[in-house]
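Note on naming: letters A, B, ... go to the chains in the order of the sequence lines (proteins, then strands), and numbering restarts at 1 for each one. Note that this is a predicted model, so its numbers are computed, not measured.
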Amino acid sequence: MRAEPVAFGVVTSSPTAPSPSGSASDPADARRFRFAPSPTGFFHVGGARTALFNWALARQSAGTLVLRIEDTDEARNRPEWIDGIIDALTWIGISSDDPHFEGPHFQSANAGAHLGAAQRLYESGAAYYCDLSPDEVQARAKELGITGYDGYSRDRGLEPAPGRVLRFRVPDGETVVDDAVRGEVRFDNSTIEDFVLLRGNGTPVFLLANVVDDAEMGITDVVRAEEHLPNTPKQQMLWEALGLSTPRWGHVPVLVNEQRKKLSKRRDQVALESYRDDGILADAMVNYLMTLGWTPPGAEEAGSEIMGWPEMEAAFRLEDVNTSPAFFDVKKLVAFNKAYIREMPADEYLARASAELPADWDRERFAQIAPHLQERLERFSDVPESVDFLFLPDGVDPAIDEASWRKATSPEWAGPLLGQLRETYADLADGAWTADDLKSTMERVMSSYEEKPGKELKLGKAQAFCRVAVTGRSVGPPLFESLEVLGREATLSRIDRALTLLDHSERQD
RNA sequence: GCCCCCAUCGUCUAGUGGCCUAGGACACCACCCUUUCAAGGUGGCGGCACGGGUUCGAAUCCCGUUGGGGGUGCCA
């Protein structure tokens, strides 16, 4: 049946369904999955989820995930894109070095087999040639009041010739697709036109190439996105016409945007690489992607969906995948990412965070403040802006956020308190410029103020103006730790600037 | 148009006829804690699209309607 025996991978089984008996370690149970992206300039997050599902299933059965590049459309694909696909897969933990991984294989390299299969189909009468051009097909359809191709050349006995397409003779009856995710899906064959197998220039189309490759590679399970479901009866008929038993199908729901439309390159952030560049952790992305359409068992009892890959890999079942489209929610992704950042070992976190810094920023200085950033960080790309006030050139003051300034300076005591704090800080011994001392000094100073008559002033309010004066903002890392890192000189000069500014604005009022 | 799929809080989901007064997570709100923010704690808001069946009993099964999505290429 196959042009060449299967000679790659750890599996020696035929493309027919494996025996249902045997233990998990029995090679007969090892199943072969495939991931077949079309080469584009980026790696789609939806594709990443599909790949992950396949990966979990392949490893569960001690089987294989085959990467196949669908590059038959020569007009649009570039060799360098392949590296991007491999990199992206590696990033989400699907490493090409893993024994369960195989590939990449190139569909274009198998053109001979595609043609051979087409020839067999033609010889057996399962396919026939047709000389109608696309325009002619359309004109006929219009004339007949139907859509698509009407089978015009079915019995004309045309020989192969340039410009003629090979079409599949769709048999009467019904095609039932047995899908692991959604059960039986029935298609009336009369609604399926005699589709093209070979183009007028003799090249095979995706439908044929896909089936031939899957068969040759011994693929036992085809798990892909729902958009392929309408193709499936056609492919199933092809498997059958070729005398092969069909693989186990599984169509997982598509990922959609807030408009409930399939994620599109134009409108949505769909490139996996872009999330990586934004400082989303691979583990967080993997975890989040897996929860789209599937809930790890035990998540409810644990009160958390945060779960490591090994656990998810072991628990994943296609039968449990939801059937409706899932919205790719960046907010939830970021929440997962935050949780993962928080859990990182300190040294690993520091290395990753430091990588985000501009080249001329002092790494040692950053290391002092970094621990205070860890549990606040949403994504690593936010690192520089969170601590930029510590890395300004000498004499340059941070830009002051208007709203923060207004709020911090509104109490009458704000100016006087900061003025007194400035003098006290100036007198602090060199060895006392530490977060603890800076804090207790503040507490001493503020004790002679009241928030309102009769109402005690709390540290949270008292520190507000100082924070804005020194960092320019009302939010950020803990204040006294920041001051310690900043140093006395810069702290005092920034406070002086703020006091001057306040003086000016008050005189204008 | 035709074919196919889908329908539980804003979002992701649990739920496979009685355990459902529908559970969890993210988001949001409030309070507590607190050195701002974050984290943590407590609480709150919020959903079975609609209409018919079947059944003693329906979020769960069936039919229909409505709504959404996918496909309908000599793209993949």
J.: Distance-only, no hydrogens or angles: does the Tyr288(A) side chain make a donor-acceptor pair with backbone N or O of Val330(A) under 3.5 Å?
T.: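 No, because the side chain of Tyr288(A) does not come within donor-acceptor range (under 3.5 Å) of the backbone of Val330(A).
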J.: So do the side chains of Thr232(A) and Phe187(A) get within less than 4.5 Å of each other, counting heavy atoms only?
T.: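 Thr232(A) vs Phe187(A): side chains apart.
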J.: What's Thr471(A) touching, base or sugar-phosphate or nothing? Going by heavy atoms closer than 4.0 Å.
T.: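 If one applies the 4.0 Å heavy-atom cut-off, Thr471(A) turns out to touch nothing in the nucleic acid.
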J.: Between Asp213(A) and Arg34(A), is there a side-chain N and carboxylate O pair less than 4.0 Å apart?
T.: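 Salt bridge flag = no for Arg34(A) with Asp213(A).
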J.: To the nearest 0.5 Å, how far apart are OG in Ser381(A) and CD1 in Ile280(A)?
T.: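 Interatomic distance, Ser381(A) OG to Ile280(A) CD1, rounded to 0.5 Å: 7.5 Å.
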J.: Mind checking whether Phe206(A) and His228(A) have parallel, tilted or perpendicular rings, split at 30° and 60°?
T.: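 Ring orientation, 0 to 90° scale: tilted.
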J.: In this structure, how many angstroms lie between the P atom of rC6(B) and the NE2 atom of His251(A), rounded?
T.: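 From His251(A) NE2 to rC6(B) P: 13 Å.
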J.: Applying side-chain contact (heavy atoms from CB on, under 4.5 Å), name anything that partners Glu226(A), two or more places apart in sequence or on another chain.
T.: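 Expected list: Arg182(A), Pro253(A), Val254(A).
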J.: Paired with rC37(B) by Watson-Crick or G-U wobble geometry, both distances under 3.5 Å: which nucleotide is it?
T.: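 With both distances under 3.5 Å required, rC37(B) matches none.
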J.: Under a 3.5 Å cut-off for both distances, is rA7(B) Watson-Crick or wobble paired, and to whom?
T.: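 Because both required distances fall under 3.5 Å, rA7(B) counts as paired with rU66(B).
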J.: If the C1' atom of rG18(B) is compared with that of rU55(B), how far apart are they to the nearest Å?
T.: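 To the nearest whole Å, 12 Å.
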J.: So, Tyr129(A) versus Tyr122(A), ring centres under 6.0 angstrom or not?
T.: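 For Tyr129(A) and Tyr122(A), the ring centres are under 6.0 Å apart.
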J.: Between P on rC26(B) and CG on Asn287(A), what's the gap in Å once rounded to a whole number?
T.: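 These atoms are roughly 12 Å apart.
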J.: Using atom P of each nucleotide, how far apart are rA25(B) and rU42(B) to the nearest Å?
T.: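 10 Å, rounded to whole Å.
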J.: Using atom C1' of each nucleotide, how far apart are rU8(B) and rC4(B) to the nearest Å?
T.: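 Here rU8(B) and rC4(B) have their C1' atoms 23 Å from each other.
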J.: Taking for each residue the nucleotide of RNA chain B bearing the nearest heavy atom, is the 5' side occupied by Ser304(A) or by Gln107(A)?
T.: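 The answer here is Ser304(A).
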J.: Identify the nucleotide, in any strand shown, that forms a Watson-Crick or G-U wobble pair with rC2(B), with both distances under 3.5 Å; if there is none, say none.
T.: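 For rC2(B), the partner nucleotide comes out as rG71(B), under the 3.5 Å rule.
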J.: Less than 6.0 angstrom from the centroid, inside 45 degrees of the normal: does Arg473(A) satisfy that with respect to the ring of Phe389(A)?
T.: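 No, a cation-pi geometry is absent between Arg473(A) and Phe389(A).
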J.: Using modelled atom types only, decide if a donor and an acceptor are shared between the side chain of Asn337(A) and the backbone of Gly279(A) within a distance under 3.5 Å.
T.: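 Yes; judged by distance alone, with no hydrogens or angles, the pair exists.
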J.: Out of rC6(B), rG70(B), rC74(B), which has the shortest distance to the side chain of Thr323(A)?
T.: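 The answer is rC6(B).
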J.: Report yes or no: is the cationic atom of Arg352(A) (NZ for Lys, CZ for Arg) under 6.0 Å from the centre of the six-membered ring of Phe380(A), at an angle within 45° of the ring normal?
T.: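 Yes, a cation-pi geometry.
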J.: If you compare every side-chain N and O of Thr191(A) against the phosphate oxygens of rC4(B) (OP1, OP2), does one of them come in below 4.0 Å?
T.: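 Answer no for this pair, as no side-chain N or O of Thr191(A) is under 4.0 Å from OP1 or OP2.
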J.: Starting at CG of Asp188(A) and ending at C1' of rC4(B), how long is that distance when rounded to a whole Å?
T.: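 Between C1' of rC4(B) and CG of Asp188(A): 12 Å.
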J.: Suppose you measure atom P in rA22(B) against the same atom in rG10(B); what distance do you get, rounded to whole Å?
T.: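 Approximately 15 Å lies between the P atom of rA22(B) and that of rG10(B).
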J.: Closest approach to the side chain of Arg182(A), judged atom by atom: which nucleotide of rA27(B), rC6(B), rA76(B) is it?
T.: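 Selected nucleotide: rC6(B).
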J.: Give the nucleotide from the list rC74(B), rC12(B), rG69(B) with an atom nearest to the side chain of Phe327(A).
T.: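 In terms of side-chain proximity for Phe327(A), the closest of rC74(B), rC12(B), rG69(B) is rC12(B).
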J.: For the side chain of Asp329(A), counting heavy atoms from C-beta on, which of rA76(B), rU11(B), rG70(B) is nearest?
T.: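 The answer is rU11(B).
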J.: What does Phe187(A) touch in the nucleic acid at a heavy-atom separation under 4.0 angstrom: a base, only the sugar-phosphate, or nothing?
T.: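 Here Phe187(A) touches the backbone only, sparing every base.
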J.: Asn337(A) CG to rC26(B) P: how many Å, rounded?
T.: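 Rounding to the nearest Å, CG of Asn337(A) and P of rC26(B) are 14 Å apart.
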J.: If you look at every strand shown and take non-hydrogen atoms under 4.0 Å, does Val185(A) touch a base, only sugar-phosphate, or nothing?
T.: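 The residue Val185(A) makes sugar-phosphate contact but no base contact.
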J.: If we take the C1' atom in both rA38(B) and rC6(B), what is their distance in whole Å?
T.: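 That atom pair is separated by 39 Å.
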J.: Round to the nearest Å and state the distance from Ile306(A) atom CD1 to rG24(B) atom C1'.
T.: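 Ile306(A) atom CD1 is separated from rG24(B) atom C1' by 13 Å.
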J.: Check whether any side-chain nitrogen or oxygen of Arg199(A) sits under 4.0 Å from OP1 or OP2 of rC75(B), and answer yes or no.
T.: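 Checking Arg199(A) against rC75(B): at least one side-chain N or O falls below 4.0 Å of OP1 or OP2.
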J.: Would you mind telling me which residue lines up with the more 5' stretch of RNA chain B, Lys261(A) or Lys234(A), judged by nearest nucleotide?
T.: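 The residue closer to the strand's 5' end, by nearest nucleotide, is Lys261(A).
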J.: At under 4.0 Å between heavy atoms, how does the protein contact nucleotides 28-42 of chain B? Give one character per nucleotide, 5' to 3', with B, S or -.
T.: -------BBBBSS--
J.: With rounding to the closest Å, how many angstrom separate the P atoms on rG69(B) and rC74(B)?
T.: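 To the nearest whole Å, 25 Å.
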J.: CZ of Arg467(A) to CG of Leu483(A): how many Å apart, nearest 0.5 Å?
T.: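 Spacing of CZ (Arg467(A)) from CG (Leu483(A)) equals 8.5 Å.
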J.: Sticking with atom P, work out how far rG24(B) lies from rC5(B), rounded to a whole angstrom.
T.: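 To the nearest whole Å, 34 Å.
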J.: Roughly how far, to the nearest 0.5 Å, is the CZ atom of Arg406(A) from the OG atom of Ser404(A)?
T.: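 If I round to the nearest 0.5 Å, the distance is 9.5 Å.
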J.: Is the backbone N or O of Arg154(A) less than 3.5 Å from a side-chain atom of Arg169(A), with the two atoms forming a donor-acceptor pair by type?
T.: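 Confirmed, Arg169(A) side chain pairs with Arg154(A) backbone.
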J.: If you check the Val205(A) side chain, which of rC74(B), rG71(B), rC3(B) turns out closest?
T.: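 Of the candidates, rC74(B) comes closest.
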J.: Does Arg260(A) put a side-chain nitrogen or oxygen below 4.0 Å from OP1 or OP2 of rC12(B)?
T.: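 Yes, such a contact exists.
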J.: Write down the distance separating the C1' atoms in rC20(B) and rA76(B), rounded off to the nearest Å.
T.: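 Those two atoms are separated by 45 Å.
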J.: Nearest whole angstrom, please: distance from the P of rC26(B) to the CZ of Phe328(A).
T.: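 Going from Phe328(A) (CZ) to rC26(B) (P), I get 17 Å.
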J.: By the 4.0 Å heavy-atom rule, please label Leu132(A) as base, sugar-phosphate, or nothing.
T.: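 Base: the residue Leu132(A), judged by heavy atoms under 4.0 Å, touches a nucleobase.
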J.: Check the distance between rC74(B)'s C1' and Glu136(A)'s CD and give it to me in whole angstrom.
T.: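 Computing the Glu136(A):CD to rC74(B):C1' distance gives 13 Å.
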J.: Look at the side chain of Pro134(A) and decide which nucleotide, out of rG69(B), rG71(B), rC74(B), has an atom nearest to it.
T.: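 Minimum distance to the Pro134(A) side chain belongs to rC74(B).
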J.: Check nucleotides 13-16 of chain B for protein N or O atoms closer than 3.5 Å to its own N or O atoms and list the pairs.
T.:
{"unit_1": "rU13(B)", "atom_1": "OP1", "unit_2": "Gly293(A)", "atom_2": "N", "d": "2.8"}
{"unit_1": "rU13(B)", "atom_1": "O3'", "unit_2": "Thr295(A)", "atom_2": "OG1", "d": "3.1"}
{"unit_1": "rU13(B)", "atom_1": "O2'", "unit_2": "Thr295(A)", "atom_2": "OG1", "d": "2.2"}
{"unit_1": "rA14(B)", "atom_1": "OP2", "unit_2": "Asn322(A)", "atom_2": "OD1", "d": "2.7"}

J.: Under the 3.5 Å rule, do the base of rA76(B) and the side chain of Asn210(A) count as making a donor-acceptor pair?
T.: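 It does not, because no donor-acceptor pair links the side chain of Asn210(A) to the base of rA76(B) below 3.5 Å.
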J.: Without decimals, in angstroms, what is the distance between Leu208(A) CG and rC75(B) P?
T.: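 Whole-Å distance recorded here is 13 Å.
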